[in-house]
Amino acid sequence: MSPAQQTQPTVGDLVRVHLGAPEGSWLWRPEFANVPLCVSYQRLARHKTLHRASGPWMLDSGAYTEVGRFGGWRTTPEQYAEAVHRYVEEVGGLAWAAPQSWMCEREVLVKTGLTIEDHVRATVASVLRLRELLAGVALVAPEIQGWTVTQRRRCWDYYEAEGIHLADEPIVGLGSVCGLQRSIPIQLFVRELAEAGIQLHTFGFKTTALIEEAQHIASSDSMAWSKQALHSPPMAGHTHRHCVSCPAYALRWYDDLIHHPVRTEPTAAVR
């Protein structure tokens with residue numbers, strides 16, 4: 001390693017990477033004690049018996065699956081909040097929970113029959129309602145929704161109008177970036193948010209985008225390791241066909257990612 005590489009920060013120095021967990025039971029596996037996890041509500045809801053988490057984690061609401069598959073939320077805010085209460089008490093280690101957001105991908109809009117504006121307002125409403133239900137229990141992170149940058153700025157404005165100042169929040173999610181995360185408008189918007197002092201969590205950023213934007217984001221979650229495993233041979237000594245749900249493979253991927261060097265540049269205001 002060259003002297004320049006030695007002085008470069010790594011992804012793990014800049015970003016809290018939450019490893020996407022395919023099963024809720026990963027929370028109480030000891031090998032993940034020092035690895036922040038991202039677990040979806042749908043996965044964890046399958047478990048009647050819960051155990052104490054080995055390490056920190058965030059709760060993903062599973063919005064893309066829920067709204068994209070069923071055209072809306074089958075789980076009420078009260079039911080979701082009740083589940084979060086239970087996870088705080090019985091599992092512990094919960095850093096924050098995502099809201100019951102409304103994704104803005106075209107295929108999701110077709111399923112719901114609603115407009116992007118409807119989805120943006122519904123997402124803000126979810127944050128407000130869940131914060132009422134979970135006040136003093138768990139942090140519900142605001143999530144910026146929309147498809148174009150203009151729509152996302154409007155969502156930002158809606159939060160400000162409700163007294164939720166995103167620059168004061170511990171973490172703010174950015175959703176509906178699948179397929180857009182390496183587009184120039186989204187990259188510039190991510191940097192705009194960073195320049196505004198917003199601690200940004202990017203939902204489901206792919207590896208390349210995460211590395212490229214590491215200096216501008218505070219947190220991210222990724223299941224990219226599982227997709228990579230699907231197209232790779234199993235690890236030596238493993239008898240399964242692919243390591244798509246393999247803790248050892250996931251941990252190796254995670255270790256490689258957090259130690260990946262990042263080239264940082266001065267941040268310029270873009271708003």
Side-chain angles (χ1 to χ4, degrees), residues 16-70 72-103 123 126-143 169-171 173 175 201 203-204 218-227 229 240 243-255 258:
R16 185 178 182 85
V17 180
H18 293 262
L19 181 69
E23 300 295 338
S25 60
W26 280 30
L27 283 175
W28 40 87
R29 294 185 67 124
E31 59 264 50
F32 295 113
N34 298 311
V35 177
L37 295 179
C38 173
V39 181
S40 76
Y41 165 75
Q42 290 85 349
R43 298 280 185 178
L44 200 51
R46 298 174 184 176
H47 293 270
K48 293 183 179 180
T49 302
L50 300 172
H51 304 278
R52 300 301 294 178
S54 297
W57 62 291
M58 57 161 284
L59 179 68
D60 182 78
S61 64
Y64 185 86
T65 299
E66 185 77 6
V67 180
R69 181 177 297 175
F70 302 105
W73 282 94
R74 300 170 301 164
T75 304
T76 67
E78 292 74 18
Q79 290 170 329
Y80 186 69
E82 183 180 358
V84 173
H85 268 277
R86 185 185 177 207
Y87 302 151
V88 169
E89 293 176 359
E90 298 183 30
V91 180
L94 178 64
W96 56 275
Q100 292 177 288
S101 57
W102 291 69
M103 315 305 289
T123 299
S126 172
V127 173
L128 295 173
R129 179 58 178 148
L130 289 172
R131 285 193 162 191
E132 288 179 358
L133 295 169
L134 290 166
V137 177
L139 171 65
V140 177
E143 182 176 327
E169 292 291 320
I171 199 74
H201 175 93
F203 284 99
S219 172
S220 190
D221 65 90
S222 182
M223 281 288 295
W225 67 269
S226 187
K227 184 174 181 179
H240 37 241
C243 289
V244 293
S245 298
C246 176
Y249 190 100
L251 286 168
R252 185 179 69 178
W253 177 91
Y254 177 83
D255 190 67
I258 64 171

Can you find a pair of side-chain heavy atoms, one from [X] and one from [Y], that are under 4.5 Å apart?
X: Ser61; Y: Tyr80; result: yes
X: Gln100; Y: Pro77; result: yes
X: Tyr41; Y: Glu66; result: no

For the [atom1] atom of [X] and the [atom2] atom of [Y], what is their distance to the nearest 0.5 Å?
X: Thr76; Y: Glu82; atom1: OG1; atom2: CD; value: 8.5 Å
X: Leu50; Y: Glu89; atom1: CG; atom2: CD; value: 11.0 Å
X: Phe203; Y: Ser222; atom1: CZ; atom2: OG; value: 13.0 Å
X: Leu59; Y: Tyr87; atom1: CG; atom2: OH; value: 6.5 Å
X: Ser245; Y: His240; atom1: OG; atom2: NE2; value: 9.0 Å
X: Met58; Y: Leu139; atom1: CE; atom2: CG; value: 11.0 Å

Please check if the side chain of [X] supplies one atom and the backbone of [Y] the other of a donor-acceptor pair under 3.5 Å.
X: Trp73; Y: Ala63; value: no
X: Gln42; Y: Gly62; value: yes
X: Ser40; Y: Asp60; value: no

Taking every non-hydrogen atom, the tightest pair across [X] and [Y]:
X: Leu94; Y: Trp57; answer: N-NE1, 3.5 Å
X: Pro142; Y: Ile171; answer: CD-O, 3.5 Å
X: Pro99; Y: Ala141; answer: CD-O, 3.2 Å
X: Ser219; Y: His201; answer: OG-ND1, 2.7 Å

Notebook entry, point to check: Near Arg69 CZ, under 6.0 Å, is it more than 12 heavy atoms from other residues, nucleotides or ligands?
Noted result: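 Not buried by this count: 12 neighbours or fewer within 6.0 Å.
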Tell me which donor-acceptor pairs under 3.5 Å the side chains of residues 127-136 have, and how far apart each pair is, sequence neighbours excluded?
from   : atom 1 : to     : atom 2 : distance (Å)
Arg129 : NH1    : Glu132 : OE1    : 2.9
Arg129 : NH2    : Glu78  : OE2    : 2.9
Arg131 : NE     : Val140 : O      : 3.0
Arg131 : NH1    : Glu169 : OE2    : 3.3
Arg131 : NH2    : Val140 : O      : 2.9
Arg131 : NH2    : Glu169 : OE1    : 2.5

Per-pair distances, 0.1 Å, donor-acceptor, side chain in residues 16-33, under 3.5 Å, sequence neighbours excluded:
from  : atom 1 : to    : atom 2 : distance (Å)
His18 : ND1    : Leu37 : O      : 3.3
Arg29 : NE     : Glu31 : OE2    : 2.8
Arg29 : NH2    : Glu31 : OE2    : 2.8

